[in-house]
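Numbering of residues begins at 1 and proceeds along the displayed sequence.
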Amino acid sequence: MEILRAIQTIPGPAFLTSELADRIGLSRQGTSRRLHDLEEEGLLATKKAGGRRLWWLTYDGERRLAEDSS
C-alpha cells in the first residue's frame, strides 16, 4: 500500500520506475519488481514508450487507494 500511496504523489497520469524509486528510497530494480507485482494484481498498467517503461494506476488501483483511505 505504501507504494500505491507514493504513486499518488507523482504529478501526471503516468510515471517512470526511476521517479518512484527516488520517492520511496529503493533501487530501481527493487522498485521494478514491486511494480510488476502490482501489475499482476491488476492495480497498475504499463507500456513501453521510447525505450522507457511508463506505469499508471488502473481503475482497480485507484479504487483500492480510495477504500484504504476511508
K.L.:
Once side chain to side chain contact (heavy atoms under 4.5 Å, CB included) is applied, do any residues pair with E41, and if so which ones, sequence neighbours excluded?
P.N.:
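Residues passing side chain to side chain contact (heavy atoms under 4.5 Å, CB included) with E41: L38, L43, R64.
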
K.L.:
Looking only at heavy atoms, which two atoms of A45 and T58 are closest? And how far apart?
P.N.:
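Shortest heavy-atom separation between A45 and T58 comes out as N-CG2, 3.6 Å.
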
K.L.:
Just checking E2: does its CD atom have more than 12 heavy atoms from other residues, nucleotides or ligands closer to it than 6.0 angstrom?
P.N.:
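It does not: E2 CD has 12 such atoms or fewer within range.
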
K.L.:
Restricting to pairs with a member in residues 43-52, which pass side chain to side chain donor-acceptor pair (under 3.5 Å), not counting sequence neighbours?
P.N.:
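Qualifying pairs: T46-R53.
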
K.L.:
Are the side chains of L65 and D68 in contact, using a 4.5 Å heavy-atom criterion?
P.N.:
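With C-beta onward as the side chain, the pair stays apart.
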
K.L.:
Consider only side-chain heavy atoms of I, L, V, M, F, W and Y, link residues closer than 4.5 Å, and tell whether L4 and W56 are in one cluster.
P.N.:
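No; W56 is not reachable from L4 via cluster members.
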
K.L.:
Between side-chain atoms of residues 15-29 and protein atoms elsewhere (two or more places apart, or another chain), which donor-acceptor pairs fall under 3.5 Å?
P.N.:
unit_1 : atom_1 : unit_2 : atom_2 : d
T17    : OG1    : W55    : NE1    : 3.0
E19    : OE1    : L16    : N      : 2.7
R23    : NH1    : T9     : OG1    : 3.3
S27    : OG     : G30    : N      : 2.9

K.L.:
Drop me the distance from H36's NE2 to T31's OG1, to the nearest 0.5 angstrom.
P.N.:
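One finds 11.0 Å between NE2 of H36 and OG1 of T31.
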
K.L.:
Which residues pass the salt bridge (Lys or Arg N to Asp or Glu O under 4.0 Å) test with D60, not counting sequence neighbours?
P.N.:
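R63.
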
K.L.:
Hey, could you give me the CG/CD distance between L57 and Q8, rounded to the nearest 0.5 Å?
P.N.:
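The CG atom of L57 sits 7.0 Å away from the CD atom of Q8.
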
